[in-house]
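Every chain is numbered from 1 and lettered A, B, ... according to where its sequence line falls, protein lines coming before strand lines. Remember, it's a predicted structure, so these values are computed and weren't measured experimentally. What you see below is based on every heavy atom in this structure, not just the backbone, and it leaves out hydrogens, waters and symmetry mates.
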Protein chains: 2
Amino acid sequence: MNIEGIKNIITKGGLKFTHQRMVIYNAIAEAKNHPTAEHVFEQIKSDNPSISLGTVYKTLDTFVTAGIIQKFVDNKGVMRFDGILEAHSHLYCKKTNEISDYKNAELEALLTKFFDKNQIEDFDIDEISIVIKGQKL
Amino acid sequence: MNIEGIKNIITKGGLKFTHQRMVIYNAIAEAKNHPTAEHVFEQIKSDNPSISLGTVYKTLDTFVTAGIIQKFVDNKGVMRFDGILEAHSHLYCKKTNEISDYKNAELEALLTKFFDKNQIEDFDIDEISIVIKGQKL
DNA sequence: TTTCCCACTAAGAATGATTCTCATCAAAGA
DNA sequence: TCTTTGATGAGAATCATTCTTAGTGGGAAA
Ligand SMILES: [Mn+2]
Ligand SMILES: [Mn+2]
Ligand SMILES: [Zn+2]
Ligand SMILES: [Zn+2]
């Protein structure tokens with residue numbers, strides 16, 4: 001994604017466009033895995049030596065609140081960030097600790113249909129996600 | 001569960017039966033929610049004033065390794081313990097942060113069938129769990 | 001029974017991820 | 001230009017969890 005594209009996303013989120021926000025958003029958009037704040041910091045600090053880890057945490061959180069990225073906690077208890085906004089599932093590799101995306105429209109339709117029919121009593125569902133644990137081959 | 005029942009479970013796990021292990025296992029077995037180590041500690045310390053929080057952490061971890069309880073990380077990144085060993089799903093309440101169990105044989109059959117047909121390439125699935133977020137009414 | 005051993009425990013220090021505080025800075029507006 | 005307000009950098013503080021270390025105690029072994 002080019003700078004203009006990133007600027008658009010950030011300003012559409014109601015946020016001021018700054019250099020730090022640009023490089024942090026760019027790191028998330030480029031990441032194939034689901035980086036931690038530390039990962040993002042390591043990724044960008046050689047080109048931005050004065051950036052602070054606290055700013056990375058704060059900015060990522062600002063992005064989440066603005067709704068332009070997502071976050072979740074991995075099974076080690078560490079926060080992961082995700083530039084993909086659509087609902088999707090995650091594959092956790094027990095060997096490498098990598099988290100990859102899994103998106104399947106049929107599966108989502110199946111689940112939606114199931115929970116339409118089988119409402120859970122006294123519980124209003126906001127979102128459903130599937131956690132798949134196993135091994136990359 | 002009575003003391004003998006607890007003793008059986010602990011020794012079947014290959015562990016020596018001690019007073020601390022007894023009260024900690026009992027707290028997990030009695031808990032309706034999915035307690036943290038801190039919860040367990042609060043629960044038992046009035047009757048066991050000399051017990052240490054470190055022992056609670058260590059013992060819970062020992063139980064998990066022995067396969068007599070389960071653990072998982074909640075969406076705040078905090079470890080939760082669960083005396084139920086069978087696979088089941090969890091309902092996360094965004095309001096109260098409570099986690100309740102959800103078990104539905106039809107849903108499990110549906111998922112098993114789906115992933116039998118639709119294998120994920122280069123990935124060997126060990127376990128599938130559903131995370132349902134929403135609000136208790 | 002006495003001794004010896006070793007897993008178990010208590011206490012608190014250390015760690016790692018995250019959040020908070022606060023001083024400084026920079027852009028935007030008055 | 002002056003003012004305001006939000007953004008940033010630096011590092012302290014927090015919180016859950018793990019680690020270290022020094023007792024303890026209950027059985028095997030003598
Ligand atoms: Mn439970
Ligand atoms: Mn943590
Ligand atoms: Zn993802
Ligand atoms: Zn459960």
Side-chain angles (χ1 to χ4, degrees), chain A residues 6-7 10-11 13-28 33-66 68-81 97 99, chain B residues 6-7 10-11 13-28 33-66 68-81 97 99:
Chain A
I6 296 174
K7 183 170 179 178
I10 290 175
T11 52
L15 303 174
K16 199 191 285 185
F17 183 68
T18 69
H19 178 73
Q20 288 87 340
R21 286 175 176 175
M22 193 266 281
V23 295
I24 291 169
Y25 186 87
N26 187 52
I28 294 290
N33 36 17
H34 296 78
T36 64
E38 192 76 43
H39 283 151
V40 170
F41 182 62
E42 290 305 318
Q43 173 73 27
I44 64 182
K45 79 173 176 191
S46 59
D47 287 336
N48 306 270
S50 72
I51 208 162
S52 146
L53 178 58
T55 299
V56 174
Y57 273 102
K58 185 113 192 310
T59 301
L60 288 169
D61 203 60
T62 302
F63 287 170
V64 171
T65 304
I68 65 176
I69 68 172
Q70 286 196 300
K71 76 172 172 189
F72 61 94
V73 174
D74 71 14
N75 47 28
K76 287 237 169 53
V78 179
M79 206 78 80
R80 302 294 200 115
F81 298 90
N97 283 319
I99 302 170
Chain B
I6 297 176
K7 183 171 180 177
I10 290 174
T11 52
L15 304 173
K16 199 191 287 182
F17 183 67
T18 68
H19 178 73
Q20 287 87 341
R21 286 175 176 175
M22 193 265 283
V23 295
I24 291 170
Y25 186 87
N26 186 53
I28 293 291
N33 36 19
H34 297 77
T36 64
E38 190 76 42
H39 284 151
V40 170
F41 182 63
E42 290 304 318
Q43 173 74 27
I44 65 182
K45 79 171 176 193
S46 59
D47 287 336
N48 305 271
S50 73
I51 207 162
S52 145
L53 178 59
T55 298
V56 174
Y57 273 102
K58 185 110 188 312
T59 302
L60 288 170
D61 204 59
T62 302
F63 287 169
V64 171
T65 305
I68 66 176
I69 69 171
Q70 285 197 300
K71 75 171 172 189
F72 62 94
V73 173
D74 71 14
N75 48 27
K76 288 235 166 53
V78 179
M79 207 80 81
R80 302 294 198 118
F81 298 90
N97 283 319
I99 302 171

### Query
If you check every side-chain atom of B:V78, which of D:dA7, C:dC8, D:dA16 has the closest atom?
D:dA16
#### Entry: A:R80 CZ - C:dA17 P separation (whole Å)
11 Å
### Task
Pull out every residue in residues 38-52 of chain A that has a heavy atom closer than 4.0 Å to any atom of DNA chain D, ordered by number, or say none.
A:S50, A:I51, A:S52
### Task
Please state whether the phosphate of D:dT8, meaning OP1 or OP2, lies under 4.0 angstrom from any side-chain nitrogen or oxygen of A:T18.
yes
### Query
How do A:L15 and B:L53 order along DNA chain D: which one's closest nucleotide is nearer the 5' end?
A:L15
### Message
Against B:Y25, only a single residue in B:L60, B:I6, B:L15 fulfils side-chain contact (heavy atoms from CB on, under 4.5 Å); can you say which?
### Response
B:I6
### Query
Atom CD of A:Q20 and atom C1' of D:dA10: how far apart are they, to the nearest Å?
14 Å
### All pairs passing side-chain hydrogen bond (donor to acceptor under 3.5 Å, both in side chains) where residues 49-59 of chain A contributes a residue, at least two apart
none
### Summary
Here the distance between atom P of D:dA16 and atom CZ of B:F72, to the nearest Å, is 16 Å
### Query
If you look only at pairs with a residue in residues 69-78 of chain A, which of them pass as a salt bridge (Lys or Arg N to Asp or Glu O under 4.0 Å), with sequence neighbours excluded?
A:D61-A:K71, A:D74-A:R80
### Query
Taking atom C1' of D:dG9 as reference, at what distance in whole Å does atom NE2 of A:H19 sit?
14 Å
### Query
Going by atom types only, do A:H39 and A:N33 share a side-chain donor-acceptor pair under 3.5 Å?
no
### Query
Looking only at heavy atoms, which two atoms of B:L53 and B:F41 are closest? And how far apart?
N-CE1, 3.6 Å
### Non-hydrogen side-chain atoms of B:H19 and B:N48 separated by less than 4.5 Å
yes
### Message
What is the separation between atom CZ on A:F17 and atom C1' on D:dG6, rounded to the nearest whole Å?
### Response
17 Å
### Query
Residues in ring pair (Phe, Tyr, Trp, His ring centres under 6.0 Å) with B:F17, at least two apart?
none
### Task
Let me have a per-nucleotide readout for nucleotides 23-29 of chain D, 5' to 3', with B, S or -, counting only protein heavy atoms under 4.0 Å.
-------
### Task
List for me each residue that meets side chain to side chain contact (heavy atoms under 4.5 Å, CB included) alongside B:Q43, sequence neighbours excluded, and say none if there are none.
B:A27
### Atom pair distance, as rounded to whole Å: NZ in B:K58 and P in D:dC19
10 Å
### Task
Could you check if a side-chain atom of A:I44 sits within less than 4.5 angstrom of a side-chain atom of A:N26, using non-hydrogen atoms only?
no
### Task
Can you figure out which of C:dT19, D:dT8, D:dT17 approaches the side chain of A:Y57 most closely?
C:dT19
### Euclidean distance, atom CG of residue A:N75 to atom C1' of C:dA17 [Å, nearest integer]
16 Å
